[in-house]
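Notes follow the structure.
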Amino acid sequence: MVQIYSEFTFRLENMLTFRGATFKQIDFMLSEVAVSRKVVTGQNPFSTTKSAEAVIETLGLTPVKRKLYSDEKSVCLINYIDF
């Protein structure tokens, strides 16, 4: 860890919030997507499909209806979301 801090002198989260950003974090490896005007970000690889759909919506289009991937269904069980 010491080597990392010598290369990165600040935590990205701290610098973003210092500059006025809203930092949102959820449980480890669960899908989370944030949209701010035309900027779309996803928390981790499990956010990929929802991030892509958010980009499509940001462009003013409607994503096609699709079946959830098996890992998305697993996350739905964790989040108690009906799929």
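Note that this is a predicted model, so its numbers are computed, not measured. Just so you know, these numbers use all the heavy atoms, side chains as well, and skip hydrogens, waters and symmetry mates.
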Are side-chain heavy atoms of R66 and T49 found at a separation under 4.5 Å?
-> yes
Contact summary for G42 and S51, nearest pair of heavy atoms | CA-OG, 3.5 Å
So NZ of K67 and CD of E72: to nearest 0.5 Å the spacing works out to 13.5 Å
Taking everything shown except R19 itself, do over 12 heavy atoms lie less than 6.0 Å from its CZ?
-> no
Where L68 and K73 come nearest, the two heavy atoms and their spacing = O-CE, 3.7 Å
Where A54 and V35 come nearest, the two heavy atoms and their spacing = CB-CG2, 3.9 Å
In this structure, CZ of F23 is separated from OG1 of T17 (nearest 0.5 Å) by 8.5 Å
Identify the two heavy atoms, one from P63 and one from E57, that lie closest to each other, and give their separation to 0.1 Å.
-> CD-CG, 3.7 Å
E32 side, atom CD; N44 side, atom CG - distance, nearest 0.5 Å | 9.5 Å
With V55 via side-chain contact (heavy atoms from CB on, under 4.5 Å) - residues at least two apart | V40, L59
At what distance, to the nearest 0.5 angstrom, does OG1 of T9 lie from CE of M15?
-> 7.0 Å
Should we say atom CZ of F18 is surrounded by more than 12 heavy atoms from elsewhere, each under 6.0 Å from it?
-> no
